[in-house]
> 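I am attaching a structure below and will ask some questions about it afterwards.
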Amino acid sequence: MKFQNTIALYFVIILSFMGVSKAQTPSDAIMMHQRESCAALIYEHSWFDHYWEGTKLRTNGTIETVKRNTFLPMIAIGIFDQLNLLIGAPYVQTASTEPNGGYFNGAKGFQDLSLALKGEILNLQLGMGKLALLATAGFSTPMTNYLSDYQPYSIGFGANEYSLRGILQYKLDMGFYGRVAAAYLLRGQTEAERDYYYNNGSYYTAWMDVPNAWNYNAVAGIWMLGNSLKLEANYLGIKSTSGDDIRPYNAAQPTNKVSFDQVGISAQYYPKAAKGLGALAYFSQKINGRNTGKSSQFGVGLTYQFKI
Amino acid sequence: MKNKFISILFSACILLFAVFITSCEKDMPTQADYTDYSFSKIDENGGNWNPVLLDSNTQISIPVPEVVNSSAYQGELADLKSEASNLNGEQREAIEYWTNNSILRWNEIALELIAKYNLIPGPNDDDTYTLPNPASPEGPPPFPFAHPPYAVRALSYLSVAQFDGLISAWHYKYAYNRPSPYQTDNTIPAAYVDNGIPSYPSDGAVVATVSKTILSAMFPLEKDYLAERAEEHLSSLKWAGVNTQSDIAAGSIIGDEVSKLALARAANDGMKKAQCPKPVSDSLQAAAFDRFGWKWQNIEVPPRPVGLTPLYGQVKMWCVPNVLDVRPPVPPAPGSAEYEEDVTLLKDYADNMTEEHRAIANFWQDGLGTYTPPGHWNRFAKEYCIKYKFNPLRTARVFAYLNMAMMDGGISCWDAKYYYHYPRPINQIEGFKTIAGTPNFPSYTSGHSVFSAAGAEVMTYMFPNEGSLFRDYALEAAISRVYGGIHWSFDATVGTEQGKNCANYTLNVAKADGAD
């Protein structure tokens, strides 16, 4: 049910990995060069009809299938060859399929502005490939006064997030690559519109603590067709470090301990004829979780690279 | 060179994180922030106030206390001194927590239990529903489902028993005038400010015993937890140097006796029958349809066969002689001009949801998993008893009349709900959606409106210096349900009048109880 976390995290992932991986040059560059920029627009659709209440997988006729559409414009800017700035500003729409037993209105609006600085610390030839070590420092903050305490329709968790991520990639010169990343997501508090809530006890405040989380990522991929097509299989793991479980047949709330494992595939294509243009598509599926929807999602997008 | 620049930038970011995070975190209080205080008055004549359940302030008898220079009492003082002078950190915390007006703490505990148990049972795998069963409280689902009618009833019995117990205690306190231990022996450290109230019997012991007993009956799965809290509370009276063992024993007698009376009333007040079987529920629906040509239906998935407590309207009232005395008039018939106006209004609110309306709908929602609307008003009562430095007896009086008025209001509201059986907006308006959850009972009148108006009337009487504050709250709570999309505007306006009417009966009793 605490679905927005997935999405917010997905943005971070996308921002960190997709927006800056390009195939415009024959090199193995993961970073945008200085004064280069890559803009992207991604549409994502996700849905779930089962969710984990604590660790128990269940359905709920009140919400039936919860759908979510995300429009994510973003840009990656090469400040230096080894330092990129990434900006994203998603617009999110949620609703249940009809008929359902709850008759709840969905929600929509701009979610969180996310900013990230990505630095390449190391990139060296090692044996038959290149080893790259990168780090990302990210910050995201709600752009609008959306209500986080409106699960499962809320469009985000409504709190600031500070993230630090380490990325290690080894890419064979022949095109195969593997990448692992780990991040710590430090979340702040979100303000509800009620000043009492239960979180294993009474809280007499509108402020809710959004749990911090670990984020793990593993990717295996290949560049093909003369570096114009990239195919990836990926894994995403989220582990909240605190929080309460959704109570029986009750709505989720931002204080919940959200964890999940998700696997997916993605493709990026950069036709040689259309200089600077690229297209991407991905699909992912949660396979295990706690206090979150067992969601599937697919996304499609366009990227455009240009000099500034 | 650039690598160095990058590492500096990253370091700066990390530093910024730390600064942001430490500066932006808000306090998250889990209880009222108050310590012992000087009471605005001590109500020496409180023993003469009219109790609710007791026939008289001497109905419960306690032993005549030993005089202070007796060897028995001197022995108690010696025990107390040794206990109070060797306190560990936990014991000091307990003294600070329970303070000298523990009614507030027990009310807080009650609200927390309500929030913990206010979970509606979900459907079974075969789409049936199982009701919580007091005979096997473990469930699933656990007993009780502490919905608003259940919650306000639990709070009523708790508050009324506390009030009667303290009237009885006040009577004996001033009949026997036993000074506080630390006045008889000034080497005994006193943890709280001295209010000069005699110590026999212990008012704290009355409150601890009553609260534990009533709440254990209302929340049977919490029996051990409550016994533990009561044990700590009773011990803290000694650690704080305010009561000796005989003060506590006498207070506990009163607490036990008054609890028995309260629970005897509760056992036969009709609540057991409130969640009636389907045939009875269906007959109420059919009767309304015959009479008025409309009916409410649960349209959850899967549908619940019976609404929430259809016969709560027949539960014994505290101050209103007959529920028919306060039954509201017939609501506008679907299709009438007044009804159509409301359909337009509701659609307009839903289509043009403002942040203000949304915030109001959410602030007063007090839905599943929370302390319910009656709980919200108990929270206000707690805050204003602290603000006006009420003593425990006067605090108990506020809660008793507040909760009696709200329970009578709730009973009257439920009478109207199942007599008129009026459909909800989602039953009537094609494609209508809400931002609040539609509850499992008919629409007319709004429970929030009745509870809040009844509560506001009592609060306005108890705290006259607050002017129109509470009535304004009640109006906002009432309209919040219309903003939320789950009530018609006439559910709210008529419900507000209904709440006021019910509270008038309560206030007539309060005004004559001798406290003014």
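Order of the sequence lines fixes the chain letters, A, B, ..., with proteins taken first and strands second; residue numbering starts at 1 for each chain.
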> Please assess Asn105(A) against Thr434(B) for the test side-chain contact (heavy atoms from CB on, under 4.5 Å), listing each intermediate value before the final yes or no.
CA-CA 5 Å; Asn105(A) 227 330; Thr434(B) 69; over 6 Å; no
> Under 4.0 Å between a side-chain nitrogen and a carboxylate oxygen: does that hold for Asp209(A) and Lys26(B)?
no
> Within the 4.5 Å heavy-atom criterion, are Pro123(B) and Tyr249(A) side-chain neighbours or not?
yes
> May I ask you to name which of Tyr203(A), Tyr197(A), Tyr196(A) has the most heavy-atom pairs under 4.5 Å with chain B?
Tyr196(A)
> Check this for me: Asp348(B), atom CG, are more than 12 non-hydrogen atoms of other residues, nucleotides or ligands nearer than 6.0 Å?
yes
> Minimum heavy-atom separation for Gly369(B) and Tyr198(A), please, with both atom names.
O-CB, 3.6 Å
> Met28(B) and Met208(A): side-chain contact (heavy atoms from CB on, under 4.5 Å), yes or no, with the steps?
CA-CA 8 Å; Met28(B) 305 232 273; Met208(A) 294 178 166; 5.9 Å; no
> Once you round to the nearest 0.5 Å, how far does CG of Asn200(A) lie from OG1 of Thr30(B)?
12.5 Å
> Given a strict heavy-atom distance threshold of 4.5 Å, which part of Leu113(B) is in contact with chain A: side chain, backbone, both, or neither?
neither
> Output the option from Lys116(B), Arg358(B), Glu108(B) having the highest count of non-hydrogen pairs under 4.5 Å with chain A.
Arg358(B)
> Considering only heavy atoms and a distance below 4.5 Å, find which of Thr62(A), Thr205(A), Asn100(A), Asn145(A) pairs most often with chain B.
Asn145(A)
> Check whether more than 12 heavy atoms from other residues, nucleotides or ligands sit under 6.0 Å from atom CD of Glu228(B), and answer yes or no.
no
> Any donor-acceptor pair under 3.5 Å linking the side chain of Glu112(B) with the backbone of Ser202(A)?
yes
> Using 30° and 60° as the class boundaries, would you call the ring planes of Tyr204(A) and Tyr371(B) parallel, tilted or perpendicular?
tilted
> So which part of Arg304(B) gets closer than 4.5 Å to some heavy atom of chain A, the side chain, the backbone, both or neither?
side chain
> Let me know if Phe104(A) has heavy atoms under 4.5 Å from chain B in its side chain, its backbone, both or neither.
both
> Does Arg194(A) use its side chain to pair, donor to acceptor, with the backbone of Ala359(B) at less than 3.5 Å?
no
> Are there over 12 heavy-atom neighbours, none belonging to Asn352(B), within less than 6.0 Å of that residue's CG?
yes
> Are Asp195(A) and Arg379(B) side-chain neighbours, meaning at least one heavy-atom pair lies under 4.5 Å?
yes
> Output the distance between atom NZ (Lys433(B)) and atom OH (Tyr103(A)), rounded to the nearest 0.5 Å.
10.5 Å
> Take Tyr150(A) and Ile435(B), measure what side-chain contact (heavy atoms from CB on, under 4.5 Å) needs, and give me the verdict at the end.
CA-CA 9 Å; Tyr150(A) 185 54; Ile435(B) 59 164; 4.2 Å; yes
> Could you check which of Ala436(B), Pro302(B), Ala350(B) has the highest count of heavy-atom pairs closer than 4.5 Å to chain A?
Ala436(B)
> What part of Asp27(B) gets closer than 4.5 Å to chain A, counting heavy atoms only: side chain, backbone, both or neither?
backbone
> Looking only at heavy atoms and a cut-off of under 4.5 Å, which of Glu98(A), Arg58(A), Glu193(A) has the most pairs with chain B?
Glu193(A)
> Against chain A, label Pro140(B) side chain, backbone, both or neither, depending on which of its atoms sit under 4.5 Å from a heavy atom there.
neither
> So what's closer than 4.5 Å to chain B heavy atoms on Glu64(A): side chain, backbone, both or neither?
side chain
